[in-house]
**Student:** 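A single structure is presented below for examination.
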Amino acid sequence: MALIVQKYGGTSVGDLDRISGVAQRVQRYRSEGHDVVVVVSAMSGETNRLVGMGQEIAGGTPDPREMDVLTSSGEQVTIALLSIALQRLRVAARSLLGDQVAIRTDSAFGRARIQNIDTERLRGILSQGVVPVVAGFQGVDEGGNVTTLGRGGSDTSAVALAAALSADECEICTDVDGVYTTDPRLVEAARRLDYITFEEMLELASLGSKVLHPRSVEFAGRYRVPLRVMSTFEDGPGTLITIESENMEQPLVSGIAHARDEAKITVAGVPDIPGIASKILGPVGNANIEVDMIVQNTGADGLTDFTFTVKRQDYEQALELLEPVVQEIGAREINGDNEIAKVSIVGVGMRSHAGVATRTFDCLASENINIQMISTSEIKISVVVAEKYMELAVRALHAEFDLQDA
Ligand code: ASP
Ligand code: MG
């Protein structure tokens, strides 16, 4: 008998049949004797629909407080429907909104952070043998205002609840049956991983693997909540995300992530003097544009080139912002490319093995793929390549590191 927090995503509660299916799944856990806390997302597409309506009626940027009242309503619908479906199966259940739990957050509407969860009420409900069905994605601030945690935030709600309740496991129940060595839509030979470390999962999630919200992984790692990604629709063990342990054999590379929607900008012929990076990246950062990889050449003749990547959607704006800066710092020119992609290999095994970088570069060279930028960390190597070579790069690296074989 265990205490399990289960989170069901938008597709898992996408229509009434599926909600009934989720109710049956929860019933099964209850009949096995487990205590279950359920967290749900809104029905798939619903949050987008709500955001769209808010934007349309505002005719500009809507008030963030009202947007949170609006967008959080999707989860209010699914908690009630799932509770009713459970009751129909004679499973005692009670829906709870974020402020009823209460899940306290700061007041940053649209991207609030959880500060504290009051578990007393939940424990009371559990002790009566009732399944709490909690709205994901939402919380309440000090002033009693509804807040939301940012898109995809119900993963974080679930992990935070699991941490606060010291649950035995947090299950993220979704439409895939686990975390794969790479995107199975790209590489047929991709394989489900039985386990992966928090560190690796955090890299993969941040690098473009969409299975889990990066913040939820960070949270789970910090509070050591065992996290399992598994299918709502099929039986199977899924993938356990856990701490690194001595007796696990660590593969060199655990997974390969890719991000297609990238762009790079080069400011060329920049005077090689203090303060240049800050002058170039300052305006970009102030516009809330996220900069990812940054490369600066060693200077020659007192000049250097400065290259960085941004999300493709921010490319035009970043170029515009930099026009005046190029003048101001006396750089030669600015140019860019918005048809690039980032491919990253991730593995804690890299820490103790040299040669992974060389193998990566050799592999790409033998496919005639030009590497435009490189960045590394202890457990990751990322390269930027032309977008048209992205799939080939992922496939070649997947084979090179034998990821298809268990
Ligand atoms: N419903 C919210 C969204 O679509 C939260 C979530 O699904 O995790 O972003
Ligand atoms: Mg969602």
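Computed from a prediction, not measured in an experiment: that's the story for all the values here. In listed order, ligands and their atoms are each counted from 1.
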**Student:** Number the atoms of ligand 1 from 1 as they appear, then name those within less than 4.0 Å of a heavy atom of T47, with their elements.
**Tutor:** 1 (N), 2 (C), 3 (C), 4 (O)
**Student:** Are Q76 and S73 close enough that a side-chain donor and a side-chain acceptor fall under 3.5 Å?
**Tutor:** no
**Student:** For the side chain of D177 and the backbone of M230, is there at least one donor-acceptor N/O pair under 3.5 Å apart?
**Tutor:** no
**Student:** What atoms in ligand 1 come closer than 4.0 Å to a heavy atom of E75?
**Tutor:** 1 (N), 2 (C), 5 (C)
**Student:** Of all the atoms in ligand 1, which lie at a distance below 4.0 Å from a heavy atom belonging to S154?
**Tutor:** 5 (C), 6 (C), 7 (O), 8 (O)
**Student:** Is there a donor-acceptor contact under 3.5 Å from the side chain of R395 to the main chain of M390?
**Tutor:** no
**Student:** In this structure, does ligand 1 have an atom that sits under 4.0 Å from one of the heavy atoms of G9?
**Tutor:** no
**Student:** Please check: side-chain N/O of R104 versus main-chain N/O of I117, any donor-acceptor pairing under 3.5 Å?
**Tutor:** no
**Student:** I'd like to check which ligand 1 atoms, numbered from 1 as shown, lie under 4.0 Å from a non-hydrogen atom of R151.
**Tutor:** 3 (C), 4 (O), 9 (O)
**Student:** Does G152 come within less than 4.0 Å of ligand 1, judged by its heavy atoms?
**Tutor:** yes
**Student:** Using a 4.0 Å heavy-atom cut-off, say whether H213 meets ligand 1 through its side chain, its backbone, both or neither.
**Tutor:** neither
**Student:** Checking the side chain of N297 only, and the main-chain atoms of D305 only, is there a donor and an acceptor separated by less than 3.5 Å?
**Tutor:** no
**Student:** Are T71 and T47 linked by a side-chain donor-acceptor pair shorter than 3.5 Å?
**Tutor:** no
**Student:** Quick check on contacts: which atoms of ligand 1 are under 4.0 angstrom from a heavy atom of S41?
**Tutor:** 6 (C), 7 (O), 8 (O)
**Student:** Could you check whether any heavy atom of E46 sits closer than 4.0 Å to an atom of ligand 1, since that is the contact criterion I want to use?
**Tutor:** no
